[in-house]
Amino acid sequence: METSPRVKLAPSILSADFGRLGEQVAEATKAGADYIHIDVMDGHFVPSITIGASVVAAIRRWTNLLLDVHLMIEAPERQINQFADAGADIITVHIEACPHIHRVVQMVKGLGVKAGVSLNPSTPIDALKEVLPFLDLVLVMTVNPGFGGQVFIEDTLDKVARLRVELDRRSLAAELEVDGGINAEVAPRVVRAGARVLVAGSAVFHSGQAVAEALAKIRASLS
């Protein structure tokens, strides 16, 4: 069964097999993913170090899907040009890393790339109040960022719901994305709360199933 067209699935390559990364991206593309979610970590803003713009450029050759690049890094404005040049379609920065968030959003959009802003679990949605009208995407972290395979934080459901209400109240078109602990059990709950883009890593690439079967299981849970 197909999921509602308003709900998009964005497999996160953080949990993919990096020894065959291109192949796994191609598998997710063929399986009907909507975005490919790429987590970039610098070892400063979060403890882990992952990939840079050159890997994004390599992934670009394996898929025609939108590349949803999530920068979990300090001073992301220093790197935005590189990721745009590498083929990012959406660049999401953390509001906690950007004291001048409006300027950073303008930089992203000025490169012809969609701009997203992410909130850590403990960051209130009021932090987005002034910049919300300029965003193409809002990402609510439903785990603390930095590692894959974490358990969904239950208290973030209410946060997703309140942000959905605020977006609708202001008639804003920004997509509401969630990332962290998303699987076939959690997915219907975050969608009921108002999420419209679901990032899933371990549930797609570490499920013990083929990527297509894992994505189909999440889609079926939304029907």
Side-chain angles (χ1 to χ4, degrees), residues 8 10 12-15 35 37-51 68-80 90-105 107-108 114-170 172 174-183 185-203:
K8 299 173 182 176
S12 169
I13 66 158
L14 183 62
S15 298
Y35 299 164
H37 189 83
I38 303 171
D39 289 308
V40 178
M41 306 181 188
D42 64 357
H44 295 280
F45 182 71
V46 293
S48 301
I49 298 174
T50 54
I51 63 172
D68 177 22
V69 177
H70 178 193
L71 300 183
M72 288 178 267
I73 64 176
E74 293 181 354
E77 63 275 10
R78 299 176 184 173
Q79 308 292 332
I80 286 168
I90 307 166
I91 294 178
T92 297
V93 300
H94 270 262
I95 197 162
E96 302 88 358
C98 298
H100 307 293
I101 187 64
H102 188 275
R103 180 192 301 163
V104 176
V105 169
M107 286 178 63
V108 173
K114 292 184 177 182
V117 171
S118 182
L119 298 173
N120 282 339
S122 63
T123 302
I125 64 172
D126 283 352
L128 283 178
K129 185 176 181 180
E130 303 302 330
V131 77
L132 205 54
F134 305 100
L135 302 183
D136 300 296
L137 181 144
V138 179
L139 170 55
V140 175
M141 292 302 300
T142 47
V143 299
N144 287 294
F147 303 97
Q150 297 185 65
V151 176
F152 179 81
I153 298 174
E154 290 291 330
D155 289 348
T156 60
L157 265 179
D158 177 65
K159 186 177 188 177
V160 173
R162 286 184 286 115
L163 192 46
R164 176 82 270 157
V165 168
E166 183 66 10
L167 288 168
D168 292 347
R169 183 184 72 81
R170 297 171 68 175
L172 299 175
E175 293 190 303
L176 180 49
E177 182 175 65
V178 293
D179 181 1
I182 304 301
N183 54 34
E185 289 70 43
V186 173
R189 300 170 64 209
V190 293
V191 169
R192 283 195 295 270
R196 295 296 177 260
V197 184
L198 311 184
V199 177
S202 295

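Residue numbers start at 1 and run along the sequence shown.
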Item to check | Spacing of Ile38 atom CD1 and Thr50 atom OG1 [to the nearest 0.5 Å] | outcome: 10.0 Å
Checklist entry - Parallel, tilted or perpendicular for His102 and Phe134, by the 30°/60° rule? => result perpendicular
Checklist entry - Roughly how far, to the nearest 0.5 Å, is the CD1 atom of Ile125 from the CD1 atom of Ile95? => result 11.5 Å
Item to check | Inter-residue atom distance His44.NE2 - Ile49.CD1, 0.5 Å rounding | outcome: 7.0 Å
Item to check | Partner of Leu198 under side chain to side chain contact (heavy atoms under 4.5 Å, CB included), chosen from Val191, Asn183, Asp179, Val186 | outcome: Val191
Checklist entry - Does Arg196 reach the side chain of Arg164, with side-chain heavy atoms less than 4.5 Å apart? => result yes
Next on the checklist: Measuring from atom CG of Leu128 to atom CD1 of Ile101, what distance do you get when rounded to the nearest 0.5 angstrom?
Outcome noted: 8.0 Å
Next on the checklist: For Asp158, is the CG atom crowded, meaning more than 12 foreign heavy atoms sit under 6.0 Å from it?
Outcome noted: yes
Next on the checklist: Please evaluate residues His70 and Asp68 with respect to the criterion side chain to side chain donor-acceptor pair (under 3.5 Å), reporting the C-alpha separation (whole Å), side-chain torsions for both, the decisive distance (0.1 Å), and the verdict.
Outcome noted: CA-CA 6 Å; His70 178 193; Asp68 177 22; over 6 Å; no
Checklist entry - Run the side chain to side chain contact (heavy atoms under 4.5 Å, CB included) check on Met41 and Leu14 step by step: do they pass? => result CA-CA 10 Å; Met41 306 181 188; Leu14 183 62; 3.6 Å; yes
Next on the checklist: So which atom in Ile182 and which in Ala200 form the shortest heavy-atom distance, rounded to 0.1 Å?
Outcome noted: O-CB, 3.8 Å
Item to check | Student check: side-chain heavy atoms of Val40 and Ile73 closer than 4.5 Å | outcome: yes
Item to check | Smallest separation among heavy atoms of Pro121 and Thr156, with atom names | outcome: CB-CG2, 4.3 Å
Next on the checklist: Can you confirm whether Asp136 sits close enough to Val108 that some side-chain heavy atom of one is under 4.5 Å from a side-chain heavy atom of the other?
Outcome noted: no
Checklist entry - Just wondering, do Leu167 and Leu132 contact through their side chains at under 4.5 Å, heavy atoms? => result yes
Item to check | Electrostatic pair Glu166-Arg162, nearest N-O below 4.0 angstrom | outcome: no
Item to check | Side chain proximity check, Leu157 to Val190, heavy atoms < 4.5 angstrom | outcome: yes
Checklist entry - At their closest point, which heavy atom of His37 faces which heavy atom of Ala10, and how far apart are they? => result CB-O, 3.8 Å
Checklist entry - Which pair of heavy atoms, one from Lys8 and one from Tyr35, lies closest together, and at what distance? => result NZ-OH, 3.1 Å
Next on the checklist: Before you tell me yes or no, could you show the steps for His100 and Glu77 under side chain to side chain contact (heavy atoms under 4.5 Å, CB included), namely the whole-Å CA-CA distance, both residues' side-chain angles and the distance that decides it to 0.1 Å?
Outcome noted: CA-CA 10 Å; His100 307 293; Glu77 63 275 10; over 6 Å; no
Item to check | Sole candidate of Asp168, Leu163, Leu137 that passes side chain to side chain contact (heavy atoms under 4.5 Å, CB included) when paired with Leu176 | outcome: Leu163
Next on the checklist: Distance check, rounded to the nearest 0.5 Å: Arg189 atom CZ versus Phe152 atom CZ?
Outcome noted: 6.0 Å
Checklist entry - Is Lys114 salt-bridged to Glu175, cutoff N-O under 4.0 Å? => result no
Checklist entry - Where do Ile153 and Thr142 land on the side chain to side chain contact (heavy atoms under 4.5 Å, CB included) test, with the steps shown first? => result CA-CA 6 Å; Ile153 298 174; Thr142 47; 5.6 Å; no
Checklist entry - Considering all heavy atoms of both residues, which atom of Cys98 and which atom of Val93 are nearest to each other, and what is their separation? => result SG-CG2, 3.9 Å
Next on the checklist: Could you check whether any side-chain N or O of Glu96 sits under 3.5 Å from a backbone N or O of Thr123, counting only pairs where one atom can act as donor and the other as acceptor?
Outcome noted: no
Checklist entry - After noting the C-alpha distance and the side-chain angles of Asp42 and Leu71, does the key distance pass the side chain to side chain contact (heavy atoms under 4.5 Å, CB included) rule? => result CA-CA 9 Å; Asp42 64 357; Leu71 300 183; over 6 Å; no
Checklist entry - At their closest point, which heavy atom of Gly181 faces which heavy atom of Val143, and how far apart are they? => result N-CG1, 3.9 Å
Item to check | Met141 side, atom CE; Asn120 side, atom CG - distance, nearest 0.5 Å | outcome: 7.0 Å
